Structures are given as structure tokens and as C-alpha cells.
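Heads up, the thing below is written out as C-alpha cells.
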Amino acid sequence: MNSFRYLIGSPIAWKHAPKKRRTLQLWAHEENIGSVTWPGLIGRDAEGVCADGEWRFDSQGLTGRTVAITKLGTEEPVGTMTIAWLGGRGTVELAVGTGYDFLRTSFLPPERCFLNRQGSSLVRIRTRFPGARLHGTVIIEPAGGGDPNLSLLTLLGVYLQVLRSQRAAKG
């Protein structure tokens, strides 16, 4: 698996894994470079895996407005994301002191991005809805290539797009 940071400007497709309904894989240049998997039959928790790390995303509370981010396996806290679903905005605060903003940049097609605190776009996550099969595209922005948390943000962004579509489907 290659790191996301080498894919600046190249489209990274995310789609359901063949015969694995609860796994989304990220593909670039015909290579699987990461995945987001929902291990339980029911739930909002997921695991993100790529060459740069493995994390667990745990949506908390009845409204799911907070996502706890931990290292997969050790459950060591990495950070927290707080989301305002209605406005499409959120913030990520990592345990190392780094923070990011999460914004909706397009309503149709649904697109969101992570910005660093200087306002530079790092990664854009776009969703497509072909029938009932959710899929989309990720684009790493030039400013994102040097960010040490790029892979975490990319997998978290895919997770959040799916979580958002699940919330929308429930009404």
C-alpha cells in the first residue's frame, strides 16, 4: 500500500469492496491504498486502515455529533471530531495539539473538505450515489501533501460522508 501523500491531484476512488458490503476501499492507479470497514452488523463505529496507520472512528451520543478517534488495537486516544450536521461544518482536535476544520464545499454533488488552521484546503471528499451503492472520489490538495495527518483525515472524511448519508436516509 502506498501513502496518500504521493497522490497529490490524482483522483482516489472509494467504493464498496467486492462481496464485502460493510467495507469501502480506496483505489488509486489500480492499487488498493486503504479501507474503511464497519466491523459490526449494526452501528456507527468503523476502522480505517492504510499504509500510514490504523484508526478507529467511534460516533458517540444519540445525535452522533462527536466522533472519538483512537489508534486501532491499542485504543490510544488520537483526537476528537465535533460535527454540526445541519450546517455541514465540523472541527477536529488531535491529541498532539493540531486542529482542522471540516466544511461542506458543495451541496450537489455532496463534497466536503478538511482545512488546516491557516485556511488551506488539504483534502476534498466527494460522494456519488449510483442507486443504493455509495461511492465517491478523494482529491489530495497540494497543501495536503506535507501534512502529517493526511491519511487520518482522508479516511475520517470517507467515514463521515457515509455517516452523513446514513443520517440523511433515516430522515
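Model, not experiment: these values are computed from the prediction. Side chains included, hydrogens not; waters and symmetry mates left out as well; all remaining heavy atoms used.
The backbone N or O of Leu150 sits less than 3.5 Å from a side-chain atom of Thr154, completing a donor-acceptor pair. The main-chain N or O of Ala68 is never found under 3.5 Å from a side-chain atom of Gln60 such that the two would form a donor-acceptor pair. Here the side chain of Arg5 pairs a donor or acceptor atom with the backbone of Gly145 at under 3.5 angstrom.
Screening residues 47-59 for salt bridge (charged side-chain N to carboxylate O under 4.0 Å, His left out), with sequence neighbours left out, gives Asp45-Arg56, Glu47-Arg56. Sorted by first and then second residue, the salt bridge (charged side-chain N to carboxylate O under 4.0 Å, His left out) pairs involving residues 135-157 (not counting sequence neighbours) are Arg124-Glu141.
Side chains of Arg117 and Thr91 form a contact here, defined as non-hydrogen atoms less than 4.5 Å apart. Contact check for Phe114 versus Leu156: side-chain heavy atoms found under the 4.5 Å cut-off. Within the 4.5 Å cutoff, no side-chain heavy atoms of Trp14 are placed close to those of Val36. For the pair Leu160/Val162, no side-chain contact is recorded, criterion being any heavy-atom separation below 4.5 Å from C-beta on. Residues Ser59 and Arg65 fail the side-chain proximity criterion, which asks for heavy atoms closer than 4.5 Å. Using a 4.5 Å heavy-atom cutoff, the side chains of Phe57 and Leu152 are in contact. Counting heavy atoms from C-beta outward, Cys113 and Phe102 have side chains that stay 4.5 Å or more apart. The shortest side-chain heavy-atom distance between Ile12 and Phe4 falls under the 4.5 Å cut-off.
Residue Gln25 comes nearest to Pro18 through the heavy atom pair OE1-CD, 3.9 Å, listed as atom of the first residue, atom of the second, then distance. In terms of heavy atoms, Ala28 sits closest to Ile33 at CB-CD1, 4.0 Å. Between Ser3 and Ala51 the shortest heavy-atom distance is N-CB, 4.3 Å.
Atoms OG and CG, on Ser121 and Asp101 in that order, are 11.5 Å from each other to the nearest 0.5 Å. Atom OG1 of residue Thr127 and atom CZ of residue Arg112 lie 7.5 Å apart, to the nearest 0.5 angstrom. Interatomic distance, OG1 of Thr66 versus CD1 of Ile83, reported as 7.5 Å (0.5 Å rounding). Between the CD atom of Gln161 and the CD atom of Glu111 there is a distance of 8.5 Å, given to the nearest 0.5 Å.
The only member of Val49, Leu155, Leu7, Thr137 that meets side-chain contact (heavy atoms from CB on, under 4.5 Å) when paired with Leu26 is Leu155.
Applying the side-chain hydrogen bond (donor to acceptor under 3.5 Å, both in side chains) rule to Thr82 yields no partners; only residues at least two apart in sequence or on another chain are considered. Taking the side chain to side chain contact (heavy atoms under 4.5 Å, CB included) definition, one finds that Thr37 meets it with Thr23, Ser35, sequence neighbours left out. Glu76 meets the side chain to side chain contact (heavy atoms under 4.5 Å, CB included) test with Lys71, Thr74; sequence neighbours excluded. For Pro77, the side chain to side chain contact (heavy atoms under 4.5 Å, CB included) test picks out no residue, with sequence neighbours left out.
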Do Trp55 and Val78 pass the side-chain contact (heavy atoms from CB on, under 4.5 Å) test, and can you show the C-alpha distance, the side-chain angles, and the key distance before you say yes or no? CA-CA 9 Å; Trp55 301 275; Val78 173; 4.1 Å; yes

Chi angles and distances behind the side-chain contact (heavy atoms from CB on, under 4.5 Å) call for Val158, Leu24: CA-CA 9 Å; Val158 170; Leu24 292 170; 4.0 Å; yes

Show your reasoning for whether side-chain contact (heavy atoms from CB on, under 4.5 Å) applies to Thr80 and Val92. CA-CA 6 Å; Thr80 304; Val92 176; over 6 Å; no

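The cluster map of Ile, Leu, Val, Met, Phe, Trp and Tyr, joined by side-chain heavy atoms under 4.5 Å apart, puts Tyr159 and Met81 in the same cluster. Note on Leu115: it does not cluster hydrophobically with Val123, by side-chain heavy-atom contacts below 4.5 Å among ILVMFWY residues.
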